[in-house]
Structures are given as structure tokens and as C-alpha cells.
Amino acid sequence: MSTAVEKTFAAPPEVARLQRPALIVGAVFLLLLVAGIFLPHGTGQNQVPGITQFFRSYLLGFVFWTGVSVGCLGLLMLQHNIRGAWGMVIRRVLEAGTRTLPLMLVLFLPLAIFGLPHIYEWVNPQGFHATERSIEIINSKRGYLNVPFFLIRSFIYFALWIGLMYVLNLWSREQDRTSEHGLIKKMQRVSGPGLGIFILSVTFASIDWVMSLEPEWFSTIFGLLFVAGWNLSAFSFVIVVMFWLSERRPMNEVLLPRHFHDLGKLLLAFVMLWAYFAFSQYLIIWAGNLPEEIKWYLYRTRGGWGWVGILLPILHFAIPFLMLLSRDLKRNASKLAAVALAILVMRFIDLVWIIVPEFHKGAFAMSWMDVVSPVAIGGLWLAYFAWQLQQRPLVPTGDSRLAEAMEEHGGH
Amino acid sequence: MEHPHQEERVHATEPVVEPGYTFSSVTDKISSIVLRRRTPLWWFAGFAVAFVLAQVLLLSITYLVFTGIGIFGTNVPVGWAMPIINFVWWIGIGHAGTLISAILLLLRQEWRTSINRFAEAMTLFAVACAGIYPVFHLGRPWLAYWLFPYPNTMNIWPQFRSPLMWDVFAVSTYGTVSALFWFIGLIPDFATLRDRARSRPFQWIYGMLAMGWRGSARHWARYEMAYLLLAGLATPLVLSVHTIVSFDFAIGIIPGWHATIFPPYFVAGAIYAGFAMVLLLTIPLRKLYGLEGFITDRHIDNMAKVMLATGLIVLYGYMMEAFFGYYSANQYESYMIHNRQFGPYWYYYWALIFCNGFTPQLLWFKFFRKNTVILWFIAVVVSIGMWLERFVIVITSLHRDFLPSSWGMYQPTIWDWSMFLGTLGLFFSLLFLFIRFLPMISIFEMRTILPQAEIEEEAA
Amino acid sequence: MSEVKDLKPREDRLVKPPLYGLMASFDNPTDVVAAAREAYDAGYRKINGYSPYPIEELSEAIGFHRTRLPIIVLIGGIVGGLSGYLMQYWVAAVNYPINVGGKPLHSWPAFMPITFEMTVLFAAFAAVFGMLALNGLPMPYHPVFNAPSFDLASRDHFFLVIEAKDPKFDYEETLRFMNTLNANEVVDVEV
């Protein structure tokens, strides 16, 4: 590939200019977060030391942004499998998103080394004032829920994700250079089984990192809920980025209403998929009403959390769903991006609703650090992402299907 | 947009219709099966066998109505047995049709065109077979209308908090919408048959069914819109139906049934079974009628891939069930999965894993997707596997009740099997009639995917 | 169709049957679309195209742009969903309140499946019957069927009709115009 073409599709200078403010915001908020360690949190019975609150909030931010990175990986493999113009134009953004995975691995380390006793009841039953019954349950799950095995598993997930990320990015880079046709097939061949690995690893990651917060509770659809949720987070993020890029050279010449139309349709599909999984889980547990299951929802559907629980189906499903039905909205990049941004915010609120009530035994309480942490990690993440985005042309210039994907009236 | 690698835009995909066909040859080739060609001998032979089996169904139902459901092996504790296994099996098979028609239409997958009509017909017949089971399992099937909410002198109403009521609405809505979708798709082809039929009665019958369709451009515009909207409605509908079937189990609290994974896992299983049945039927049919030009190797390959993908989701479901059975640390849950794997029905479970877990993995390889004979056998194995899956779910969850004093075993009777064989007979009888009297490939949609259908725009 | 053969040529008849319009036939889609555009540009409005499969360009060329069908389907869906939910609410909470498994009388999660099914059912009915009603089907008789070789409209031929009702219609003038359209033939269509 000639350097001229690479230059044509180089990332606009605004991407580089984004890096520094993102880094500064990330650093400042990280300092705030660290400062929070030295303050007491909560009142009365729920009072916890600063370090405990730090790690609990940190988990929230970490899971949210890992979700975006891993979701990008899933979407990347999905588009390699089903092809289509929409996949061609967002591929480089997805790839840059996956390349943030090493950063997430580094950010996982403090959690892995110091954080676990502050977060998981099964690591530290005494610290959580565990009842006799829950100690019994924790003991019966020791074979699976123990710190070494937990860490081994977590590192296996990262190894799988980073491995897939590495080969797909390597070949994509090679494709830019050589335009070799066989690479399309090669990437596709990895992405088929890769999607299977993705679904399984996300499933077990969600069980380990989130579901085990309540050691007794289990739900067999939980993994799929995170598969859909993380893909949705990543997809919303990508749509916002695509809109931002479509306002600037060179992508303003590449992106067409039909691309956004397809992205909008897929966004609608992911919103519906998430709602389908979430409602199925709720209905089945609500109807069964078994003590060990329903308590998870009792924490989340009463008092203040109940109001959040009502917000979710409305703002995370009904309103975006109705808006995304409109063809005109999907073809309008700025409106679509606004909906996508709103969904991204709701993805965070959904995660708060899943994670935070567990720490307060259902009491409606949130620490200011729960908001600071995702901004801190998000700032670092965005800076890293912006840096990665500049490394390569914004479209896979060596892919023989690119021209078709950029045609005015091309195939879908 | 300049691009240096224009010449490399190779599309290694095979065509969805073989080159050389014209509007008239497509029309004649498909309509002649119905109108011109002599009915082949194998048709009579096949129909005769299927029709005899359908009589077995009538016989079984007659005996059932006069005697009661005690003729089945259903017992305490296995209070739901073969009838629900077969119901779920059939309704699952009935998913591929609407899925191929609706979802692939929305995704603008042109390869759906040569198989959608056939798959839709299959859906309808499978739903008809499925519907027989719950109705005749009622005990007093002549009171089946009590299931519907209507003001009555007894002043009682159905129980809407029960998933069985949801099922009534889901299956009847699905049957109705599938029939509408199918009929709407047939109208322009009825017009073709009306205009091509030579004998007066057939002209009249097809004419009445075509309702005066004349291919007006205004009609086509509304027709396409209606078809697209129906597809948009049918897509969530088809997913909801098996979701609600899964609720029949999951809403209860029986270990092995009460699992939140059930909805997506049932839906994937249904699509999986449905595509297996479509492959099972189209592989011989395209050979017998020489339709390889329309149902190309690309169709077969794509269907095999869909089967692989849905098969993997089903396998994921088995893995989640097994994992959470042990992870749960709940004695009933872990006993349930242990009993499935190593209890008295262990061979059903491992046969199921072989059929649904292992066999579809062959489809990763192009060799097996290309070889239609092997693929046909894989489809048979998958169909059996999906039956075994329902057997495992229904029987092994029930036969070990919470109290060991109410443990039992299940043995199907001859009437369980005769009902099942009978519905197979009904299904194939309807299918044989369909391929004889209606165009099994949508003629007008085939015209749209011919290269001649492209409008050449003058350079403005 | 067979009736066509029974008709005698027009001049043999005592009374001329009224004219429905003029029909030009084409053997490829590009020509009929071009002809329809020309006819529309020439000011004809009561025109219609006939084709063996849907051609988006053709319906646009004759000036047909939007159908009301989506709004009909939306109304159908809303009516279905509301009636589904309200029926369940009224039955379970008002008219026949029974405690089942300690569930609240107004068990909204349990009412969702039927609400959804009813929404889809009513919307599907609206789509099908709305389409048939807007198209005026069933209509077993229509003048265009009288045209010879119109049976090919369901096979491989394409037709363009300019109706006699069109204010700009003048038999000689319109016939001359249609003969310039690159058609295979132009015939009269009787009512």
C-alpha cells in the first residue's frame, strides 16, 4: 500500500488533540479517587473504610470500560463473519478499541493484587459480616470461588482476548501493506471460533467479576446478558466516534447515510437483544419467587433502586427502541449519535444497578467515587484509544471490498 | 473515489440462481411442476405412505377421545411426557420457515428467495402438527375453547398469570400470522398459475385465490410495504413463540426447568431444528425435481452455517446448565444435573450431546457442508438430537421428584408412538400436496433476482 | 385469458364498448420504466404500470410515492397491545380476582407475553387487510384483463396503461404518443 493512500485516510489532527485533555481528566479524577481513600464513606452500619470504597468504585469503572474494549473485540469478529459495508467502515475504530485491552489488563492488576478482599464476600466473609448461612454456601463453593483460581481465570480471559486482538490487528496491518486477498479468509476463519471463545470468556468473566458479588445467587442467562450488554456498550461508543469522525476529513467523504442506517439497525437489534435477555431473566425469577434467587431483585426493585429499575426499561429500552424505529433518525448521523450516547450512559446506569446495591445490602446509597471512577478510567481509556486510532489509516485500505463498501449505492 | 485495487474485487461466492435463466424460463420451470408435468411415480408412492400414517393419527386420536389420556405412558411423577416433547419438537421445526422468510428478508439476504416458500409451508404444517398435542392432551378436547377468554355463563376467566395461557396466544398468533405471511406471498404466484393453467376448474380455483391480482405498480408498492412490515412483525414473533414455549417450563420451579437461559436456548434450538428439517427436505427435493439451478450449493452451504451457529448456542445452553448445576451449591440443582448425566436416563443425555454437541462440529469443515449426502445425515442426526433434548428436559427433570417417595420412571406406550408417527404422516401428507398443487419456489421473487430485472439507468 | 378469444373486433359491433384506456406492452423492465416516466412528464396522471414482479422505479415513475400502510399497521399494533393488556388487567384484577401463588392481582410482568402477542396479531391483520383494502382486492374482474396477451403480465411482459379518464386523454393523440414509446404493441382496453 502506498503511503499516499495511507495519508489520505490518516486520522484527523483532532484525534491527537483529544489525547491530552482526556489524559488530564483521567489523571485528575484518578487523583480524586486516590484522595477518597483517606476519607470515611457511608454512614452508620454501612460505613466502610476509604480503601474499600475505592476498590468497589474502581470495579464499577473497570467493568464498564473493559466492556467497551471486549465488546469492540466481539463486534470486530462479528463483522469479519457477516461482512457488509457497515463493518468495513467501522473496522478501524473497532480495532483501535480492542487495542486498549493491554491497558485494561494493567488496570486490572491493582484490583487483582489488593482489591479482592474489599469487594468479594467470598474472599473475606468476616469483613462482610457474613451470616452463618452464607459462610456455609461460600464454603461449599470454595472449589470454584477461591482467589488463586479466580486470578488464573481472569488472566486466561485477558490472554484469550489479547491473543485474538493481536492476530486480528496483525493481519489487518499486513493487509494494508500487502492487500493480499487470502487475509480476508484468514481473519474470517479466526473470527468464527473466536466468537465462540468471546461468548464463553465474557460469560465466565461476568460470573467471576460481577455475579460472585452475591455468592449464593446464580442465573444461567447472566453471561448472555453481559455478552449483549458489552456489545451494546461498544457499539454505542463506536457510533458516537463515527459521527465525530464523519464531521471531519477524511471520513466525511467515506461515511454515507446508508452506513449510519445500517449501524442504526444493528443498534436497534442490540437494544432489543439486551431487553429480551434482561426481561427473560426478570420474568423467570419473579415468577419462580425462590428465596435464593428473588433476593437479588428485591435489593434492586425496592426503595430508591426500584426507581432506577423503572428507569431502565424506559430509558434503556422503550425510548431508544421507538426512536430507532424511525428510518430518518437512523440516516441522520448526529441524531443517531445522540441516541447512542444516551444508551452508553444507560449502559453505565445499568451496571451501577447491577453492582452497587450489592455493597449496600439494597439500601439506596451511592458514593461520589462511583461516578469519579468511570471518569478516571474512561479518561485514560480514551487517551489510549485516541493514541491507537492514529496509528493506522481510518479504513482498511488493503481490503479489496473497501471500494464496494464506500460506493454510494453499494450492497448493504 | 479512487481505489488502487479495484480489479481485485473478487467475489468467490457462488450465485443464488444459476446463470442463463430468463423471466419466462423461471416462470415455466417452477409452474410446470404444478401445471404441466406428469405427477411422478415417487410422488404417489410417498404420498401413499404418508397418507397411511396420517390415518394412524386419526385412529389414535379417535381411540384417545373415547378412552382418555390414560392410554399414554404419562404418569405420576412424569405428568408431562411424550405429548409435550412432540409438541415442542414440532413447534421448533416450525421456526425455520418464518425465520428464513422474515429475518433474511430484513437482512436483505437474496439467497432466501428460493427456499422461503417451501420453508413457510413447512412451518405451517409443523405448527398444525404441534397444535394437535396440547389440544388432545386436555382430556376433554371438545372443551378446548375454554382456553380462550370469552364472556360465559360460568362467569370464570382464564388464568393469565399461567404460561400455558401465554402459549395459547403465542401459538395461535404464530399460526395465524405465518398463514397470512404465506398466503400474501402466494398471491402473485396464484395469478401466474391462473394465467398459465389450461383447465377451467384450475383457472377458476387459482383465479379465486389470486383475488384479481394483476401486477399493478400501485399494488406492488403497497404489497411490498405490507410484506416488509409483516416480516418486521414476524421476526420478533417467531422469537417470542419459542420463548413462551420455554416459559412453560422455566416459569415453574422444577430443577432442570427453572433456568433463566431457557428463552434464548430454546429459540436457538428451534432455529437449529428448523434448518435441519429444511435441509432434510430440500436436499432430496431439489434433486428429484431438478431444481439445482434455483436451490444452489450456496443455499445448502448457508443453511449448514446457520445450523452450526445455532447448534453452538444450544451447546452453550447445555454447558451453562451443567456448570450452574454444580456451581449453584443447591442440592436439588446439582442432583438434577448429576441425575441427567449419570442417572437411569444417562444414555439419553450422552446421545443428546453426541447428536447436538458433537455432530454439528463437522460443519466447521467445508467438506461436510459441500457433501449433500453427509449433510443430509447430519440433518437427520440433529433432528433426532433435538427430540432427545426435549426428552431429557421433560423426563429427567420430572422423574426424580423432590421427595424420593415420589420417584418413578417413564415408559412410553404404543399410543405415544402412534401419535408421533401419525403427526409425521400428517406433516408429510400436507407437504406432498403442497409440492404438487402450489409453486414450491416463489416465482415472482425469483424474477426479481435475475440479472435482467435490473433497471438500466441512463447516465444523467 | 380465454374470454379474450370470444371478443369480436371493435368495428363489427353495433355499439362500441366504452374504452378503459390504451395499453402498451414491453418485454423488458427498463423500457417500461422509461415509458412511464415519459408519460408522466407528458402530463398524464391516470397511468398505471403492470409487471410480473415489483419494480420500485415503476411505481415511482407513475407518481406513486407513499402508502398509508405503515400508519395503519401502527394503529393496529397499538389497539392490539392496549386491548391485550387491558383485557388481562380487567379479567385478573377487576372481574375475576383470584390469588394465585401469592402473586399480585395486577401482575404486569406476567401480562407482557400476551400483550406482545396481541400487538403483533392486530398489526399483522392491519398489514394484510389494510394492503388488500387499499389495493381494492379482491376484484376478480378488471378491464385490463380484456387486453390480449395481458396474461403475460404474470410471466415476462410489462405493460403501461393510460386511462381514458385522464383529462389529457385524446384517443388519436395518446395513441400517437404511445407509439413513440418503444413498445412492442399498443392496444385498446375495453371496459
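Proteins come first, then strands; the chains are lettered A, B, ... in the order of their sequence lines, and each starts at number 1.
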CZ (B/F358) with more than 12 external heavy atoms under 6.0 Å
no

Most heavy-atom pairs under 4.5 angstrom with chain A, which of B/M319, B/R161, B/E333, B/M320?
B/M320

For each of A/I82, A/I137, A/L145, tally heavy-atom pairs with chain B at distances under 4.5 Å, and name the one with the top tally.
A/L145

Measure A/W286 against the heavy atoms of chain B and call it side chain, backbone, both or neither at under 4.5 Å.
neither

Ranking B/I253, B/L312, B/L239 by heavy-atom pairs under 4.5 Å to chain A gives rank one to B/I253

Any side-chain donor near an acceptor of the partner, B/S240 and A/Y276, under 3.5 Å
no

Can you tell which of A/I207, A/N289, A/I285 has the highest number of heavy-atom pairs within less than 4.5 Å of chain B?
A/I207

Going from OG on A/S280 to CZ on B/F262, what distance comes out if it is rounded to the nearest 0.5 angstrom?
12.5 Å

Identify which part of B/I251 has an atom lying under 4.5 Å from any heavy atom of chain A, answering side chain, backbone, both or neither.
both

Return yes if some donor-acceptor pair links the side-chain N/O of B/T260 with the main-chain N/O of A/I221 below 3.5 Å, else return no.
yes

Side chain A/K141, main chain B/Y327, donor-acceptor under 3.5 Å:
yes

Under a 4.5 Å heavy-atom cut-off, does chain B meet the side chain of A/F279, its backbone, both or neither?
neither

Where do B/P264 and A/L224 come nearest, in terms of heavy atoms and distance?
CG-CD1, 3.7 Å

How about B/P263 and A/L283: do any of their side-chain heavy atoms sit closer than 4.5 Å?
no

Counting only heavy atoms closer than 4.5 Å, note whether A/P193 contacts chain B via side chain, backbone, both or neither.
both

Within a radius of less than 6.0 Å around CD of A/E136, do more than 12 heavy atoms belonging to other residues, nucleotides or ligands occur?
no

Please look at A/Y282 and chain B and tell me whether the side chain, the backbone, both or neither of the residue comes under 4.5 angstrom of a heavy atom of that chain.
neither

Taking C-beta and beyond as the side chain, do A/T220 and B/Y265 meet within less than 4.5 Å on heavy atoms?
no

Among the listed options A/S219, A/G196, A/S140, the residue most often paired with chain B at heavy-atom distances under 4.5 Å
A/S219

Between B/F323 and A/F218, is the ring centroid distance below 6.0 Å?
no

